[in-house]
Amino acid sequence: MKRLVVAAVLCLVVVPALAAGDYDRKTKTDAYEIRLRVPAVAMAVAPLKAEIFRRWKKDSDELTSQAVSDKKDMPEFFHGYALDRQWRVTFESADVLSVSGYSFIDEGGAHPNAAFDSIVWDKTASRAVPLDDLFVKGQAPAAIAAIAASARRTFLAWSNKQGDGPTDPGTADEGIGKDSAHLGHYALTHEKGVTKANGIVLLYGAGEAWPHVIGDVKLAVPVSVFRKYLTPRWAAEFK
């Protein structure tokens, strides 16, 4: 999203809708409609809640400012902008809470877009955990390379099933690199009824790492791929 000076908000209507402790708020004007949903368990962790709302304010301020500006400058071509973000829990233990956020985005283009976000939150340290920090010092590059290789295989297998012919292997290289900055957002995953994580999932929104035609991509990486690189503290979170 573009950085713009915040413009005046027109015809503002705010409709809160809370249920069972979850946060659900929609704001609608004649220029845009935005909505944020956050599960109660994330709302209960104050610094995590603050981080979720910090990210929301940044993105929603940019979109609403753009919407108001474009409506004023190009009223004959304008249709309302939209941003709808929903956070979900992907894994929780006594010490860790992993959440992923999915956003539907319409910024007046030929088609809407989508994006993922994620936060793996260390409750004991009260901080978000970068992927590299899961691994023993000096072992992150090897761990990331193993994760990237697994993700690449998964992506190509998935992509080959979507099209009429084999996918060019180079396509995977556009979005999957051998460093954490090029692996997309990550979240911890678990099996239903199991208290330990079973791996991670790498999340890509349409247009974020690959062309829009590919759509949203979720690449599961089992813990067996990177278990030997984990610190003892993080090894304890996986089965």
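For clarity, every value in this text was computed on a predicted model and none was experimentally measured. What you see below is based on every heavy atom in this structure, not just the backbone, and it leaves out hydrogens, waters and symmetry mates.
- Legend: residues meeting salt bridge (charged side-chain N to carboxylate O under 4.0 Å, His left out) with Arg55, ordered by chain and number and at least two apart, are Glu51, Asp117.
- Atom CG of residue Asp70 and atom NZ of residue Lys72 lie 12.0 Å apart, to the nearest 0.5 angstrom.
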What verdict does the side chain to side chain contact (heavy atoms under 4.5 Å, CB included) test give for Trp234 and Asp122, after you've listed the backbone C-alpha separation in whole Å, the side-chain angles of each residue and the deciding distance to 0.1 Å?
CA-CA 10 Å; Trp234 283 100; Asp122 185 336; 4.2 Å; yes
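- Under the 4.5 Å side-chain contact rule for hydrophobic residues, Val217 and Phe104 do not share a cluster.
- A donor-acceptor pair is defined here as one N or O able to donate and one able to accept, closer than 3.5 Å; such a pair exists between the side chain of Thr154 and the backbone of Ser150.
- With hydrogens and angles disregarded, a donor-acceptor distance shorter than 3.5 Å links the side chain of Lys196 to the backbone of Ala236.
- In terms of modelled atom types and a separation under 3.5 Å, the side chain of Thr29 and the main chain of Ala31 share a donor-acceptor contact.
- Within the 4.5 Å cutoff, side-chain heavy atoms of Tyr23 are placed close to those of Leu36.
- Side-chain contact between Trp87 and Arg37 is absent, with no heavy-atom pair separated by less than 4.5 Å.
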Start with the C-alpha distance between Ile200 and Val223, add both sets of side-chain angles, then the distance that settles side chain to side chain contact (heavy atoms under 4.5 Å, CB included), and finish with yes or no.
CA-CA 7 Å; Ile200 62 174; Val223 66; over 6 Å; no
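- Taking 4.0 Å as the cut-off between side-chain N and carboxylate O, Lys137 and Asp132 do not count as a salt-bridged pair.
- The nearest pair of heavy atoms linking Trp121 to Leu48 is CZ2-N, 3.7 Å.
- When all heavy atoms of Asp216 and Phe116 are compared, the closest pair comes out as CB-CE1, 3.9 Å.
- For the pair Asp133 and Arg233, the salt-bridge criterion is not met [side-chain N within less than 4.0 Å of a carboxylate O].
- Summarising the geometry of Ile105 relative to Ala114, their closest heavy-atom pair is CD1-C, 4.5 Å, with the distance given to 0.1 Å.
- Heavy atoms only, all atoms of each residue included: Leu230 and Val136 are closest at O-CG2, 3.5 Å.
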Worked check of side-chain hydrogen bond (donor to acceptor under 3.5 Å, both in side chains) between Asp84 and Tyr102:
CA-CA 8 Å; Asp84 187 332; Tyr102 180 80; over 6 Å; no
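- Val99 has its side chain out of reach of Glu92: every pair of non-hydrogen atoms, C-beta onward, lies at least 4.5 Å apart.
- Side chain of Lys123 to backbone of Ser93: a donor-acceptor contact under 3.5 angstrom is found.
- The minimum heavy-atom distance between Ala146 and Tyr229, with the atom names listed, is CB-CE1, 4.3 Å.
- Counting heavy atoms from C-beta on, the side chains of Ser100 and Leu203 come closer than 4.5 Å.
- Taking 4.5 Å as the limit, some side-chain heavy atom of Phe91 sits within range of a side-chain heavy atom of Glu237.
- A distance of 7.0 Å separates CG in Asp59 from OG in Ser103, rounded to the nearest 0.5 Å.
- Contact check on Lys26 versus Glu33 returns a salt bridge, with a Lys/Arg side-chain nitrogen under 4.0 Å from an Asp/Glu carboxylate oxygen.
- Atom CZ in Phe155 sits 6.0 Å away from atom CH2 in Trp158 (nearest 0.5 Å).
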Test side-chain hydrogen bond (donor to acceptor under 3.5 Å, both in side chains) on Thr189 and Thr90 and set out the steps.
CA-CA 6 Å; Thr189 58; Thr90 68; over 6 Å; no
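- The CG atom of Leu83 sits 12.5 Å away from the OH atom of Tyr81 when rounded to the nearest 0.5 Å.
- Ser118 places a side-chain N or O within donor-acceptor distance of the main-chain N or O of Tyr186, the cut-off being under 3.5 Å.
- Residues Leu97 and Met43 share a single hydrophobic cluster, defined by chaining ILVMFWY side chains whose heavy atoms lie under 4.5 Å apart.
- Within the 4.5 Å cutoff, side-chain heavy atoms of Asp106 are placed close to those of His79.
- Residues Ala40 and Asp22 come closest through the heavy atom pair N-OD1, 2.8 Å.
- A donor-acceptor pair is defined here as one N or O able to donate and one able to accept, closer than 3.5 Å; such a pair exists between the side chain of Thr64 and the backbone of Ser60.
- Formation of a donor-acceptor pair under 3.5 Å by the His182 side chain with backbone atoms of Ile176 is not found in this model.
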Using side chain to side chain contact (heavy atoms under 4.5 Å, CB included), reason through Val201 and Leu219 one step at a time and then give a plain yes or no.
CA-CA 5 Å; Val201 62; Leu219 303 175; 5.7 Å; no
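- Annotation: side chain of Ile119 is in contact with side chain of Ile52 (closest heavy-atom distance under 4.5 Å).
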Show your working on side chain to side chain contact (heavy atoms under 4.5 Å, CB included) between Ile144 and Phe135 and close with a plain yes or no.
CA-CA 9 Å; Ile144 296 301; Phe135 309 115; 4.1 Å; yes
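- Remark: the backbone N or O of Lys239 is paired with a side-chain donor or acceptor of Arg227 at under 3.5 angstrom.
- Atom-to-atom distance recorded for Lys57:NZ and Glu62:CD is 10.0 Å, nearest 0.5 angstrom.
- One hydrophobic cluster holds both Leu202 and Val129 under the rule that ILVMFWY side chains link at heavy-atom gaps under 4.5 Å.
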